[in-house]
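Worksheet for the structure shown next.
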There are 2 protein chains.
Amino acid sequence: MSPRIGLDLPTILQAAVEIADIRGLEEVTLASLAQKLDVRSPSLYNHVNGLSGLRSKLAVHGLEQLLHVMTQAVVGRSGDDAVRELGKAYVAFARAHPGLYDATLRAPDPQDEEVRRLAGETVDLVVRALQAYELKDDAALHAVRGLRSLLHGFSSLEQRGGFGLPLDLDVSFRLLLDTFLAGLHEMKRRAKAEAKPN
Amino acid sequence: MSPRIGLDLPTILQAAVEIADIRGLEEVTLASLAQKLDVRSPSLYNHVNGLSGLRSKLAVHGLEQLLHVMTQAVVGRSGDDAVRELGKAYVAFARAHPGLYDATLRAPDPQDEEVRRLAGETVDLVVRALQAYELKDDAALHAVRGLRSLLHGFSSLEQRGGFGLPLDLDVSFRLLLDTFLAGLHEMKRRAKAEAKPN
DNA sequence: TATAATAACTAATGATATTAGTTTTTGCAA
DNA sequence: TTGCAAAAACTAATATCATTAGTTATTATA
């Protein structure tokens with residue numbers, strides 16, 4: 001019987017994540033969210049800057065969580081082991097939170113300071129995980145892009161049911177990572193072979 | 001001054017593609033499309049089954065074009081050359097038609113007969129392009145998934161501005177393909193080394 | 001205890017998709 | 001050539017959504 005339900009940002013985000021993960025990101029509307037929270041939709045404007053503001057918050061929230069699980073995955077590891085665990089953590093997150101994962105990529109204003117900071121931290125983390133391959137200068141950054149492309153591509157296609165074939169997805173993913181890692185080793189070998197003759 | 005403007009499906013799709021590529025897929029609404037075609041939005045229902053029907057048609061249209069450019073890219077080639085050209089054609093398509101490319105992945109009902117046919121043809125094409133690597137049985141299909149993951153991941157992140165770093169994208173892409181191909185060669189070498197001792 | 005800020009609300013507007021029912025044009029058959 | 005049926009446009013109406021303006025109730029603080 002009351003204005004003052006006790007709504008706050010964490011509560012709102014949690015509800016939004018639930019809708020996103022279960023029904024899909026497109027189903028996260030101010031209307032559906034308000035209904036879930038037992039509130040009229042204009043009330044949400046007291047906490048969030050409209051639908052686009054909500055999406056931004058959701059993106060940042062997802063990036064934070066993703067960075068966290070990736071960080072946990074690589075601590076105390078290096079080389080192939082680190083990359084493999086990083087990859088497994090990435091797709092596990094995307095599988096556990098399909099809607100939230102979607103939100104991290106859709107609409108996140110690249111200008112947003114928070115988004116830039118998290119993106120930078122993530123790149124740093126992966127660069128460190130790739131240290132063992134002795135990639136010089138830009139090569140390490142290119143490798144980060146490559147790894148991210150492959151992780152996102154796999155996750156995205158898996159979510160969209162883009163893989164029609166009746167073939168074990170975990171095997172596909174393991175082989176993909178193995179192939180990429182074998183490639184990295186080969187590139188490292190070539191780089192050394194090229195450097196030595198000088 | 002007339003019912004009978006002369007609307008037909010190709011015209012509608014062309015207009016939808018233009019909106020999608022220039023303003024983004026989300027901006028393809030029956031309202032915006034009707035305005036562009038100088039028609040009232042209910043008229044579109046004579047040609048297309050609502051917004052979702054339009055999206056389906058758009059997805060199929062995009063898949064057809066993508067398959068076409070990929071096919072052109074591999075004819076007369078094999079091995080690394082074929083895969084490289086295939087990859088270049090894929091990202092070139094995604095760059096030239098960002099909205100249409102988006103449409104091929106969003107919402108395409110996997111049940112849709114047309115979508116299944118095109119997906120199957122695409123897999124066949126890539127399997128053939130990978131013949132040189134002598135992958136046996138499922139390994140070829142896993143490799144197709146891997147290649148597609150990497151191509152889609154790169155294209156998707158490039159479009160969303162997901163790569164914040166000031167680093168040449170074409171170089172990143174070339175290195176990614178090189179790494180993957182080096183990995184494939186290495187996997188082939190390992191498979192042979194394992195087979196010989198028997 | 002009174003007041004100011006906050007957080008809920010109702011009401012209203014504009015955009016969208018969609019359906020129902022209407023009109024006009026066109027193509028084809030008598 | 002004429003008339004009729006189907007197709008393709010239309011208008012009108014409804015429902016859902018986001019958003020803004022303005023209101024009311026609650027809480028915190030002076």
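When reading the values below, keep in mind they use all heavy atoms of this one structure, side chains included, and skip hydrogens, waters and symmetry mates. Order of the sequence lines fixes the chain letters, A, B, ..., with proteins taken first and strands second; residue numbering starts at 1 for each chain.
- The side chain of Leu7(B) has dA9(D) as its nearest neighbour among dA18(D), dA9(D), dA17(C).
- In this structure, Leu51(B) atom CG and dC17(D) atom C1' are separated by 14 Å, rounded to whole Å.
- With salt bridges taken as basic N to acidic carboxylate O contacts below 4.0 Å, one links Glu186(B) and Arg190(B).
- For dA9(D), the OP1/OP2 oxygens have no side-chain nitrogen or oxygen of Arg40(B) closer than 4.0 Å.
- The distance from atom CG of Leu30(B) to atom P of dA9(D) is 14 Å, rounded to the nearest whole Å.
- Between dA21(D), dA12(D), dT16(C), one nucleotide has an atom nearer to the side chain of Pro42(A) than all others, and that is dA21(D).
- Between Tyr45(A) and dT20(D) there is no side-chain N or O to OP1 or OP2 distance below 4.0 Å.
- For Arg117(A), the CZ atom is densely surrounded, since the number of other residues' heavy atoms within 6.0 Å is greater than 12.
- Residue Ile19(B) contributes atom CD1, which lies 11 Å from atom P of dT16(C) at whole-angstrom precision.
- Distance, Glu27(B) CD to dA17(C) P: 11 Å, rounded to whole Å.
- Remark: Glu18(A) engages Lys36(A) in a salt bridge, criterion side-chain N to carboxylate O under 4.0 Å.
- What separates CD of Glu26(A) from C1' of dA17(C) is a distance of 17 Å, to the nearest Å.
- The side chain of Ser43(A) places an N or O atom within less than 4.0 Å of a non-bridging phosphate oxygen (OP1 or OP2) of dC9(C).
- One finds a side-chain N or O of His47(A) lying less than 4.0 angstrom from the OP1 or OP2 phosphate oxygen of dA8(C).
- dA18(D) atom C1' lies 12 Å from atom CG of Leu54(A), rounded to whole Å.
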(request) Would you please test His142(B) and Asp168(A) for side-chain hydrogen bond (donor to acceptor under 3.5 Å, both in side chains) and show each step? (result) CA-CA 9 Å; His142(B) 287 299; Asp168(A) 190 305; over 6 Å; no
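- In this structure, Leu37(B) atom CG and dC10(D) atom C1' are separated by 16 Å, rounded to whole Å.
- Checking dC10(D), dA17(C), dT18(C) against the side-chain heavy atoms of Ala31(B) singles out dA17(C) as nearest.
- Other residues, nucleotides and ligands place more than 12 heavy atoms under 6.0 Å from the CD atom of Gln72(A).
- Rounded to an integer number of Å, the gap from Asn46(A) CG to dT26(D) C1' is 13 Å.
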